[in-house]
Every structure is written in C-alpha cells, then in structure tokens.
Asks: 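If you scroll down you'll find the structure; I have some questions about it.
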Amino acid sequence: MGDLTTSSPASEVPFRVSFSGHGGHLRLDPTPNPPSPIPEFVLPPAYPPESPSSVKEYLEANYLNPELHLPTAADGARVWDLDWFELARPPLEPSAPRTMLVPAWEPPFRRRRPPLSSSSSSRQESQVWDPESVQMDMSDVFDSGTGGITPRMPGPAKDFVRGSVNSRPFRPGGLHDDAAAAAALEKAFPEGARNGDWVRELMSGGPAQVNPPGFRKGLDLGNLKEYKSHWKCYQDGERVDEQSTSSSNDTMDKYSVQFDDLFKIAWEEDSDDKVPREDHVQQLVGDEETNDVDKQNISKLQNASETIENLDIEKQKGGAQGDVSEPQSDLDQMLLSSVKDTSRDSSGSGDGSMAKEGKVWALVGGDEDIVTNFYKLVPDMAIEYPFELDKFQKEAIYYLEKGESVFVAAHTSAGKTVVAEYAFALATKHCTRAVYTAPIKTISNQKYRDFCGKFDVGLLTGDVSIRPEATCLIMTTEILRSMLYRGADIIRDIEWVIFDEVHYVNDAERGVVWEEVIIMLPKHINIVLLSATVPNTVEFADWIGRTKQKKIHVTSTNKRPVPLEHCLFYSGEVFKICEKDAFLTQGYREAKEVFKKKNSSKLGMKPGSKPGTTAVRAGTQGRNPDTSSRGRDQKNPKHHHASSSAAAVQQSTSGPRRSESSFWMPLINNLLKKSLVPVVIFCFSKNRCDRSAESMFGADLTSNSEKSEIRLFCDKAFSRLKGSDRNLPQVVGIQSLLRRGIGVHHAGLLPIVKEVVEMLFCRGVIKVLFSTETFAMGVNAPARTVVFDSLRKFDGKEHRKLLPGEYIQMAGRAGRRGLDNIGTVIVMCRDEIPEESDLKNLIVGKPTRLESQFRLTYTMILHLLRVEELKVEDMLKRSFAEFHAQKNLPEKEKLLLQMLRQPTKTIECIKGEPAIEEYYEMVLEAEAHRESITEAIMQLPASQQSLTPGRLVVVKSQSDDDHLLGVIVKTPSAALKQYVVLVLTGDCTSSALAPDSSNQNEKEAGDFKQGYFVIPKGKRSMEDEYFSSVSTRKGSGVINIKLPYKGDASGMGFEVRAIENKEIMSICASKIKIDQVRLLEDPSKTVYSKTVQMLIKEQPDGNKYPAALDAIKDLKMKDMLLVENYYAYQRLLQKMSENKCHGCIKLKEHIALMKEQKVYKDQLNDLKYEMSDEALQQMPEFQGRIDVLKEIHYIDSDLVVQLKGRVACEMNSGEELISTECLFENQLDDLEPEEAVAIMSALVFQQRNTSEPSLTPKLADARKRIYDTAIRLGKLQREFKVPVDPEEYARDNLKFGLVEVVYEWAKGTPFADICELTDVSEGLIVRTIVRLDETCREFRNAASIMGNSALHKKMETASNAIKRDIVFAASLYVTGI
C-alpha cells in the first residue's frame, strides 16, 4: 500500500493488490473510502508460495535431472514410434537463442586515433583492439560468411544426417544473385576492410593488428615499416600537387583514391596479356623459406610500393619534356579512369564474374613444375604413400591442397582411388567431412572395407546406416541427393564430395541423379570427380565449373599401368591383333586365313554351297544361344540339367554340356600353359554364365591347400545363415564350383554368394570366373586375362554391338598392377571372325562421350517448388543438356544489345500520316490467302481443262514484285511434268541483256542457244511479216531449245521457262493462237516476235493483265471454306485499293523498308526467345507436369506444395504419383500387412518378363485397383501433353511378378520354398525385398504426414515381417569375416 499521507495522486485513491483467478495474474482493485476494518475475502493464489529452496527443487526436477518418459497404455494410441530423442526430458538439443552478442570489429585505420601531441606510449596503447559488442539476429550470424548457405537454424539432432521434408534445402552454389552476395559480403567484412584503405595503413607503417577478430590472443610481429613513396593525384583530369603517403588522411580522402579499383584493373589487364597459369608456382618453388604467409604478403606489398615509387620518379623526369597531364604509365591511366562503385565491384567479383566473355572454367593440367617440385609445393602431405605417385596423382593432390575442385580421368586400375583417399585425409586434417558417392551399392560396401582401417568411415545406403556421424561417409548417389533435397544439417560440415565412376552419368535410368546432385551442391563444397577416359572430359568439367562458378582442374592420363594386348581365339589358336594401342593387321589376316581354310574343308564335303552359308554372320556369334529358350529355362535355372525320362530332354541337357566343355576347355588349357590365369570370362547373360560354369564339370584347377582355404572361407562366411538357408541350391552349387577354382558372378546370385566369390577371386584362388558386365563396374578385382565370350549384348531393349567405352571398361580388368607386365584380352570367335573395321573401332576407337540423361521427375519438381532460391527453370538451365545454349548466352546478350542500339529507318509519307504498316499487314495477309486459294484453284477440274496451249496466265515473278503475263506453250507430259510458258519480262532497253550477240554468225534455227536475240527489221522476209499462226506440220512434242530460253522481240524481252502449277497466279479469260512447233521444236524468230506482239495487244489500256477467270462462276469452285476464303481475299484486295498507299510512287521503296523492319523484329524476337526460359528443351514437358500436379491437387494455383505434394516428396523408391494416389485412395486399408507389402512390391520390382503369379482374390482386387490408378494417371498426363502412353506407363511402373513371392515371404515361408514359386533369380528376389523395406519406411513417413496412425502401424508390421534370414544377412564387407 502506498503512503496515504503523501500528496501523490496515487495515495488519494485507496487500492489493494490481489491475485486473479487461477492464472496467477496481479489485479489492482480500488477499495471503499474509508477502508473497511473488516478484511475482504481474497482468492487463494494460483501457485503455492515460492521460496529459494522450492524454486531450486523445481528447476532440478524439470531441467537438471534428465529422465526418459516411456509411453503408457493411456497414451499408447498416439505414440507411433519409440523415438528416444523425442522421449528424453529435457530435449537433448536446447532451444537456440534468437539473438547473440558479437564483437563489432573495425580495422585499425578506422579507429579513433589520439592527437599527434600525445605521447608515443599512449598512441601505442590506443591501437589495442577493444571491441564493442552489438546484438545481432541469429539468422544474420548464420548467413554471414557461410558462402551462400540458406540462413536457417539447425534442425533436430535426429534429422542431422538424413534431413527432413520440412527443412529447407541449402542454397545451391553458382546461383546468380548479386544482391544476396553483396549483402553477405557487407555482413562478413566491414566497409573499411573492402575499400582498399588497408593498403594505405600498411604502407604508412605503424602498429599492426595483433589479435584477429574473435580471438583473445594473437601474434605480435612488431610495427609495420613505412615505405617512402609519392602519389600523383588528379582532380577532374588535371594534375594537382603531389602528396606523400604519410600525409594526413583528410587530404588523401578528398581525392577518393580506391586502391582495390586500381589493383582490380591491373589484374584484369595482366590476365588478358598472359596465359592463365597456376598461382605463382615458380615463385613458391624459388623461395623455399617463404612459409610464413604474413611475411610473404608484406614482401609483395613492399615490391608494389617500390614499383609505384619508381614509376613516379620516371614520371617526374619525363614531365619536363612533355605535357604532365599526359599519362605515361598504366598506373596513371588507372588513376585517370573513373572510380567504380566499391559495392558493385565487391559483389561482381563473385557471381557477376561469370558474365565475362571468354571465361574458362575447365583448366587442363599438365604443368611440369608441379610434378618436378611436388614435394616443395606440398611439404606437409595429409597422408604419406609408400610408393611414388604418378604425374596425374601429384597434380590432383596439389590442387586439393589449394582447396580447388578436380576432375581425374584415367583408365581402370590407374590409381584414381589415391585422389579420393587424399580428399578423405584432408577432411580429417581440417576437421571437416568428406562424402564418397558411388553408383552401385557393391562399390560402396567395398570402399567401406578398403577405407575402414585408414580413416574414420561411415556407410549410408538404402538399407544400411553405419556410423553416420563419421568424418568420411560412403554412400550411394541417391542418398546424397535425398540429403540435399531434405536440407540435412550435415551438409554444413562437408568439405569434399567425391564422385566415383562419373561416366555412369550416361546411364539412361540413373544418370540424371549425378546432374541433380552436382547442381544442388552448396557453394562451400569442393568436388572431386573420378572417371574412366572419355572424349569430352573438358566439356563436362566446363559445364560443372560454369554451373558451380568454380574452376575445375582437369588432370588425366591415357597411360595404362599395365599395357594390354588384344587377341582373337579361333580353332584352338590365339592370334594377336593389337599391341600398344596399335592394330596389327597381320595377326587379323592370319586368323582370317585359318577361318577360310577350315570353312573350305567343310564346304568340300557339301559341294554347291557358298562360302559363309553355314557360318553365322559377323557379330551374330555373340547372340546368346539361350535367348530363344529364356522363358522356358529361367524357371529353376539351377536344375535345368536335371535328368528326365524324356529322350529329348536328355539330349537338350547333356548335349550342350559337352559342346560347352569342348568349347571352353581348349582355351582354359591354353591359358594354364601360358600362366595367364586368373581369367575373367565376360558373358552377357546370367544363364550363359551358369551353363558355361556347369559345363566344366571335369575341370579341377586348384591345389589341395587352395581347396582347404576355399572350404574354410565358405564355411565361415555361410555360418551366419540359418540351417535351411545354408542348403539352398545356389549356396551348395557355388561351393562345389569354388572348390574346383571356378566362379560365377552375376546379378542373379544372392548378395552373400557374390561377396564370397569376389573375396575369393581377390585372394587368387579362383582361376576362372564367368561374369556379366557388372563385375567390371562394381568390383575392383583385376585379373591376368580377360576373355569376351561375345561382342554383342542385350541392353534391355535390343541386341546390339558392344560400345568402345564398354569394351575398354571390361578389358581394363586385365593386368594386375605390380604383378603382371602385360594384360591379355581375348575375343572368342565361335563361327566367324568379326569384321576388321568393327574390331578396330572397338579396340582403338574413342569411348562413348558423356551425354546428358537429364529428365524431369515429379519428385524433383515438388522438391524445388519448396525452395525459393532455386526454381525448376534454373535446374533445367543448369543441366548438362542445356550447357551449350547457356554457355552462349553472354554472346547473345551482347548481340541483342547491338541490335537494340541499331537506328531504325523511319518511313516518311508524302501523303500525311504513314499508313504503310497497315498496308503491309494487308499485303502479307493477302499473300497468305492467295497462296491457299491458288493452290486449291489449280486442283479444280475446270482449271486443268482451261490450262491448254494458248491460254494466257499470270506467272509469279522470280525477282521482281510485279508478276509476269505469259501464255501456255505446252502442258505437262511424261517427259516434262511442268507447264512450258512464254512470259514477257519487260522492256528490252531495261533488260539485262546477254553478251553481245552481234558478233555471232547466224546459225540454223535448231542451233539456237540460250541468250537474247533481236530480229533486224531489214532482214524480215514477207513470210515473217505476214505470219500465219497455224502450223503446217504436226508437232512431235519434243523441245529442242534449252530452258529457260531468253530473247527480245518487238522491243519487249521474253523468256520461255518451265513452271509448276503453283507458280501460276491466275488464269486469264483470253486465249491466243500459238505455233508450238516453231516455238519449241523448230524455233523461228518470226514466230516468237509475232507471239510477243499478240501478248502485248492482250494487255488492256491502264492494266498490266487481262481479266482473269472467276473462280466461282468460271472454274466452278464449290467448297464452302474455299469460297469464304476467296471472298475474304477479294474484300482484302478492295480494302488495299482504298488505302492511300495504293498506287503511291514510293510504295515499292516503303514496302522494302517494311520488309527490312519485319526481318529485324523477327530476329530480335527470336533472339529474345532463345534467351528466355521458354526456349529450354524440356520447358513444354515441365508446363504439362505442372498442370498435372495442379489437377490432382499436389500444388495450388500459386505453385505452393500441398499435403499430397509433401507426401509425394517422401516417395523415392517407387513411382511417386502412383504411390501417393494409392495412399490417399486408401487402397491398403482393407489389406493385411502381408498383403499390403506384397502389392507394394509391384512398385520396386524391375524385371519385365516373369511367370504369372498365383494371387488370392483379395490380392487380385488390389492389383486391379492400383493398375487402374496408374492407367488414370497415364491418361491425365497424356491429356496435358506430357509424352506418356498410359498402357506403357502402367507396365513400366507396376510389375507384379513377385507379388506371390513377397506375400509368402511375409507370412514366414522359407526362402528355398519361395524360390520355387517363380522363375526370377534369387539375387533379384533379395534385392526387391530389400528395396521393399525402404518403401515401407517411406510409406510410414507418409502416414505420419497424413496423420494415419493405422497405416503407420501396418507398415511397421510389414517391415518387420520381411526383415529376416538370408534376405537381410549383413554384408561381409561391412562386418568382416
């Protein structure tokens, strides 16, 4: 209570303070006056009385004692998953503050200096940095200095690695945003640190900064030395008095000398004069004692200062002899140049620099200085190697040490992995992270094993997550793409991303993933690309550099560590055809001779047959002989040789075994004699691999010790399988082969079986390995020899020849580095020798170029619509497919500016306001009408009947605007399918006459050649004067003159030419009599003259042409549409005649100007279109897909992603639209977990041709529902112009071959039993079920977004049902053995 005796106004009103209700709010209530002595009732307080001890107990109980809240029965219905991060109290990640205090740093030259009269000690003390702290928003702190990372707070710890759909992706590097770059630079560096004044302070001397901003301690190097120098200052182009660098700052500031402007101009001019080299390699090599960066920089500045001083002295000496205002040095010219805006320069130094013409982003290596002085340039390597590095390895490591991106292109086994290892070592040294991405899961597992002993390594694949917090992460490229789209916070820590097998970008299905990841990588991440040799390495690197605004150093080698020799194997003999990359024609001819001799002996027994008729044509020897019986033999492939009571079956099984054995054993024996094992035999069919291995039932290639080693290894590896799985036919069969030194490797094997084969082959105990192409891509296991069973393969669509790149990739497995001096590659020739040209192209030809496989997907569109910084159009622009178009944009921009600056000619009308534009538009419209009408008229029967010899026609002029009057001389015939007409070309005085014909002797009429001729009047005979138009001789139809035939008669030029009917503008009503014989067969000058005179007489007074036949009345045109067009044409002609431009003497000139202006506008519009987003190749498809997403409510009209769109973003393993619609239509609600996961297998299964599964009625209904959904979506996409066929769309994205198998597996059926239900190989079954577990996880996340707890629980149950036994056996690479 206030003191009532005081004079305060508040004391005059009695009041009381009490708590209000249960909220605990204070309430101020007036009390009766005077106060009642009886206390009023006051509500009890909302909280119990607090004391220091009670507050302490409350804080300890709620915030200082972590506990785990386990779900109880009461809240069990709303707890979907046991998430330890969410259940921990308090939360493991405390809420971050919204603001924080940061030091406001100022450079020393901006600080307040003491007066000159102060003592030197006080001046020295004033230079100590004593920063003031300011309060900044956390988003600003995270934004500044992060190189373009999206300013957002870190997310929850559980989303640190994988990210979340609710998180915004990081800003991709290389985006052009000058405003954002300038703003980030403004926050990162104060104005004083960017405007160049720091140079003045360094040159003036004085105390140096000791403590860097943010550090408590620093390094005191003493005061800076003052350098005597002078500046020439100009004001408004006039020289003013010289100032020393130590003069007052006020005097210097008024001239606004910006040092960074001067240096920037000097650097640009210097870079234009010199070939770009690495940054001062020679300087760093020459001075071995310049390890101290600060001393080196000071030395450079000292040299610059002395250079400026020397220039000033020279200028003073020369000033007495000439005009002092005339610049005599580059520095003077720069001082006289206009000073640029500092903020513009600073922002333009980043993204804006890419617009500079001729910018080269791909820098090809080959600097010998780096190789020669490598250990001086890189004295402290992050990891030491026990062997001498190759040239390309040294170059790549040097650039990595500089923090720059590299592209390494080298042959297989050349040592590209060394570069990846060094990036890992640098990340470990710098306490950052590195990511190694591979296209195949097998490579990821193998690299994990290889790097595990050297680095802190983690593994992330679709089904495995091992130590995701590690410094070095190995993952598939799809996982990295998902992390980028979902904004995983681990991206902040990544310094290097290593892309292995970059040539996999050519893969039609998955190549787009590489492009997406490269485009989405943030600016602070450096890139290491490892690839086989490809022709357009520089082009691909240039695209990456231009996209990311980073220099990419390309280093490559064509040298193989182990040289290869290529041979043909035919009829038990080996013929060498290539050595040291040179094709040996002699070896090929020898093989061809043996082939001819063998065939001739065969043909001798069969007289009459032609050579080659019994042999398969070139290349067909590679066609797999088992393809015709694929569907029959794929089911239970391991038992296709089982005995049967049918004689035919016995013949079909035992016969091929003997033939295969007789085919392979000669080769194997030959290789064993020459010690050319181990050998990898590439067969392009899984069945072919199995049959070839089983055919060698009599071969035993291992010693007793090797047999023991193989048996112990297999027993240890397969011991992790349960009993029934150990007895699988494939597991038992492969062990039998392995013990004899024979192996099989293809996608149909179980994962654990493949790993056993790979590991034993690396140990050298497998002598012969039959493999498909995947062994060359996914396994780093070189051999002594490589054999090609065929030079043709089936690529999923057709049988085709091997590409040079594919051949080189597989042949590169021959030759073990350090063990073999040479690697041998053998091509098997069964029935014929391949063509020499095919072999040359394959062996020494160029590999396949890297081509863009970029395509739009709905997931990509939906993810990008969530990011404000990156639009889908930006993604399309940055794709490799649009690289060349975008690369030429600066040139097009320059051309556009030039065209816009061009002055346009104005049309001045002599009749007042110009109307030529309107008239010209009518001319163009009339021309379009005329062409369509004329074409239709010429097709009319009446027109064909009218076009007879003697009919006058108006013919389209070839050069002039005026059309020509002519007469039809001859109608089309079999010999000449054109009309022959004689047209008047104009007055002979204005005609361009042929060379003078007066010197030519008169020749016979039949000898007339092309050219103009004049009939002298004095030489005209009576017959010529009185010409009769009726010929006395019947014509034969032969044309004896050369067309076109030109001449002059009666003062008028004429020409006889052959024309198409579309060149006839109109058919005149007039006809004249002509002499066809004397015009064409037996030319007569008199006849030509008479015909020209008759044509001139037909021209009525005031008109050029006679009246034309009416299209409707005379030519009987009846089509309604044509008649309407005809009348519209007539009205247009009438309107043109009423225009004041019609008949104007300047009409022709003005029409020409209008044509020129129209061409100019069309070129301008075309150029603008090419520079716009509309010109992108996939823009029409993008618009169609956007319309589809709007139609099915994945996005709204403002392109904001809706609930269905967020769910679709979770779908990565199956087709996103089908999966999402399936969920929102509740198609899985009435299914049990086993049935739901069985239907979901259709989304991830990939094999097309399989046996028909036997489904329950419930599963059959579910199958029909989801198939109908796919058809509906396909029709919808076709409706919106997306290139999709509904039936093909449903077939490609839904394959039901394993529905029955998965259903039985989820119910608990043993693996051996489910393999009997289908002809699909065991390996593909396992891969499908493993991917299905990932699909269950995606559906579970989607259920959380939708709020469907029942579906969430069902997907969790289904995932647990399929996750068991051999399908999810741990990888031997990961767990070890």
Side-chain angles (χ1 to χ4, degrees), residues 147 173 276-297 299-300 361-410 414-436 451 454-457 471-473 493-500 502 521-531 541 544-545 548-557:
R277 283 180 60 87
E278 292 312 311
D279 300 337
H280 313 294
V281 172
Q282 293 287 353
Q283 178 181 348
L284 292 174
V285 174
D287 188 2
E288 298 181 12
E289 299 178 357
T290 55
N291 295 330
D292 192 327
V293 179
D294 294 332
K295 291 181 180 179
Q296 183 180 348
N297 290 339
S299 175
K300 291 179 183 178
W361 296 102
L363 304 179
V364 182
D367 197 330
E368 292 296 333
D369 294 333
I370 297 176
V371 180
T372 307
N373 304 286
F374 174 73
Y375 294 104
K376 295 178 182 178
L377 294 171
V378 190
D380 183 21
M381 293 184 63
I383 183 175
E384 297 292 339
Y385 292 98
F387 52 85
E388 181 65 22
L389 296 174
D390 290 340
K391 176 183 175 182
F392 79 94
Q393 293 170 337
K394 290 180 178 179
E395 289 181 4
I397 288 175
Y398 170 71
Y399 297 131
L400 292 183
E401 282 283 356
K402 293 179 64 180
E404 299 177 352
S405 301
V406 296
F407 190 137
V408 180
K416 298 188 292 290
T417 308
V418 168
V419 183
E421 284 185 2
Y422 202 83
F424 273 10
L426 280 178
T428 305
K429 180 180 179 181
H430 298 164
C431 299
T432 56
R433 297 180 193 269
V435 170
Y436 183 100
F451 292 146
K454 301 179 181 179
F455 307 105
D456 176 27
V457 185
T471 302
C472 306
L473 290 175
D493 303 340
I494 297 176
E495 182 183 9
W496 303 97
V497 171
I498 303 134
F499 294 93
D500 198 3
V502 174
L521 283 177
K523 183 179 180 180
H524 69 280
I525 295 178
N526 293 318
I527 302 172
V528 178
L529 302 117
L530 310 177
S531 170
I544 296 175
K548 309 309 295 179
Q549 297 292 288
K550 288 176 179 284
K551 294 291 182 68
I552 308 293
H553 294 274
V554 179
T555 175
S556 60
T557 177

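For this chain, numbers begin at 1 and follow the sequence in order.
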Asks: The criterion is side chain to side chain donor-acceptor pair (under 3.5 Å); which residues satisfy it with D493, sequence neighbours excluded?
Replies: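 Listed in chain order: R433.
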Asks: Kindly compute the distance separating CG (L530) from CZ (F499), expressed to the nearest 0.5 Å.
Replies: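 Spacing of CG (L530) from CZ (F499) equals 10.5 Å.
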Asks: Taking only residues two or more places apart in sequence, or in another chain, which ones meet A541 in a side chain to side chain contact (heavy atoms under 4.5 Å, CB included)?
Replies: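 Only A362, F407, I552, V554 meet the side chain to side chain contact (heavy atoms under 4.5 Å, CB included) criterion with A541.
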Asks: Show the nearest heavy-atom pair for residues I370 and L377, with the distance to one decimal.
Replies: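 So the minimum-distance heavy-atom pair works out to CA-CD1, 3.8 Å.
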Asks: NZ of K550 to CD1 of I525: how many Å apart, nearest 0.5 Å?
Replies: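 It is 8.5 Å, given to the nearest 0.5 Å.
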Asks: Check L521 against K548 and note the closest heavy-atom contact, atom names and distance.
Replies: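 L521 and K548 have their closest heavy atoms at O-NZ, 2.6 Å.
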Asks: Listed by chain and number, what are the salt bridge (Lys or Arg N to Asp or Glu O under 4.0 Å) partners of E495, not counting sequence neighbours?
Replies: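 Partners of E495 under the salt bridge (Lys or Arg N to Asp or Glu O under 4.0 Å) test: none.
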Asks: State which residues pass ring pair (Phe, Tyr, Trp, His ring centres under 6.0 Å) with Y422; sequence neighbours excluded, sorted by chain then number.
Replies: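 With neighbours one apart ignored, the set is empty.
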Asks: Considering all heavy atoms of both residues, which atom of G403 and which atom of N526 are nearest to each other, and what is their separation?
Replies: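 That closest heavy-atom pairing would be O-ND2, 3.3 Å.
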Asks: Which residues pass the side chain to side chain donor-acceptor pair (under 3.5 Å) test with K551, not counting sequence neighbours?
Replies: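 Partners of K551 by the side chain to side chain donor-acceptor pair (under 3.5 Å) criterion come out as none, since no residue qualifies.
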Asks: Looking at residues at least two apart in the chain, or sitting in another chain, which of them share a salt bridge (Lys or Arg N to Asp or Glu O under 4.0 Å) with K391?
Replies: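 Per chain and number, K391 pairs via salt bridge (Lys or Arg N to Asp or Glu O under 4.0 Å) with E368.
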Asks: Describe, in one word, how the ring planes of F424 and Y436 are oriented to each other, choosing from parallel (under 30°), tilted (30 to 60°) and perpendicular (over 60°).
Replies: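 It falls in the perpendicular class, over 60°.
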Asks: Heavy atoms only: give me the nearest F455-C472 pair and the separation to one decimal.
Replies: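 In this case the closest contact between F455 and C472 is CB-SG, 3.9 Å.
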Asks: To the nearest 0.5 Å, how far apart are CG in L529 and CD1 in I498?
Replies: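 Rounded to the nearest 0.5 Å, the CG-CD1 separation comes to 10.0 Å.
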Asks: Can you list the residues that meet the side chain to side chain donor-acceptor pair (under 3.5 Å) rule with K454, with sequence neighbours excluded?
Replies: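 Only E421 meet the side chain to side chain donor-acceptor pair (under 3.5 Å) criterion with K454.
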Asks: For a quick test of reading the model, state the closest non-hydrogen atom pair linking I494 to V435 and the distance between them.
Replies: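 Nearest pair, atom of I494 first, then V435: CD1-CG2, 3.5 Å.
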Asks: Quick one: list whatever passes ring pair (Phe, Tyr, Trp, His ring centres under 6.0 Å) with F374, sequence neighbours left out.
Replies: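 For F374, no residue satisfies ring pair (Phe, Tyr, Trp, His ring centres under 6.0 Å) once neighbours in sequence are set aside.
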Asks: Taking only residues two or more places apart in sequence, or in another chain, which ones meet A410 in a side chain to side chain contact (heavy atoms under 4.5 Å, CB included)?
Replies: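 A410 satisfies side chain to side chain contact (heavy atoms under 4.5 Å, CB included) with F392, A414, K416, T557 only.
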Asks: Would you say the side chain of T417 lies within less than 4.5 Å of the side chain of F451, judging by non-hydrogen atoms?
Replies: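 Of all side-chain heavy-atom pairs linking T417 with F451, at least one is under 4.5 Å.
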Asks: Rounded to the nearest 0.5 Å, what separates atom OG1 in T372 from atom CG in D367?
Replies: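 It is 8.5 Å, given to the nearest 0.5 Å.
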Asks: Output all residues satisfying side chain to side chain donor-acceptor pair (under 3.5 Å) with Q393, sequence neighbours left out; order by chain, then residue number.
Replies: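 With neighbours one apart ignored, the set is empty.
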Asks: Would you compute the distance between atom CG of L400 and atom NE2 of H553 and round it to the nearest 0.5 angstrom?
Replies: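 One gets 10.0 Å once the value is rounded to the nearest 0.5 Å.
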Asks: Hey, mind stepping through K429 and D380 against side chain to side chain contact (heavy atoms under 4.5 Å, CB included) and telling me if it holds?
Replies: CA-CA 11 Å; K429 180 180 179 181; D380 183 21; 3.7 Å; yes
Asks: State, to 0.1 Å, how close M381 and Y375 come at their nearest heavy-atom pair, and which atoms those are.
Replies: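 Smallest heavy-atom distance, with atoms named: SD-CE2, 4.2 Å.
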Asks: Can you give each donor-acceptor pair under 3.5 Å made by side-chain atoms of residues 383-390, sequence neighbours left out, with the distance rounded to 0.1 Å?
Replies:
residue, atom, partner, partner atom, Å
Y385, OH, V418, O, 3.1
E388, OE2, K394, NZ, 2.6
D390, OD2, R817, NH2, 3.0

